[in-house]
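Reviewing the structure listed below.
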Amino acid sequence: MMQRAIPTLDHQTDAGRTEEAADWFAANRLACPKPIIPTIRRLFGLSALEACQAIRTANLRADWPLDAEEGGADASAS
């Protein structure tokens with residue numbers, strides 16, 4: 001019987017909850033109760049890593065909008 005030297009973890013995430021949290025944080029950034037990570041974890045049932053990913057996604061979307069009108073990622077496509 002072959003054993004693995006390093007146990008692996010299943011890193012499956014529910015992207016829907018993370019996306020929902022990112023959308024919520026983008027809309028409620030200023031009103032979000034502090035500390036932010038525990039608040040998002042509690043509201044959406046996320047791990048700490050998933051909460052951080054949701055915040056990062058919201059911040060990236062704010063910094064780099066996707067519409068061509070705002071000069072975002074798809075601006076050159078139009």
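Here the structure is a predicted model, which is why all the values come from computation and not from measurement.
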Residues 34-41, side-chain donor-acceptor partners within the protein, below 3.5 Å, at least two apart:
unit_1, atom_1, unit_2, atom_2, d
Lys34, NZ, Cys32, O, 3.2
Thr39, OG1, Pro33, O, 3.1
Thr39, OG1, Pro35, O, 2.8
Arg41, NE, Leu46, O, 3.1

What donor-acceptor contacts under 3.5 angstrom involve side-chain atoms of residues 22-29, with partners at least two apart or in another chain?
unit_1, atom_1, unit_2, atom_2, d
Asp23, OD1, Arg61, NH1, 2.7
Asn28, ND2, Trp24, O, 2.9
Arg29, NH1, Asn59, OD1, 2.4

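One distance of note links CD of Glu50 with OG1 of Thr57; it measures 11.5 Å at 0.5 Å rounding.
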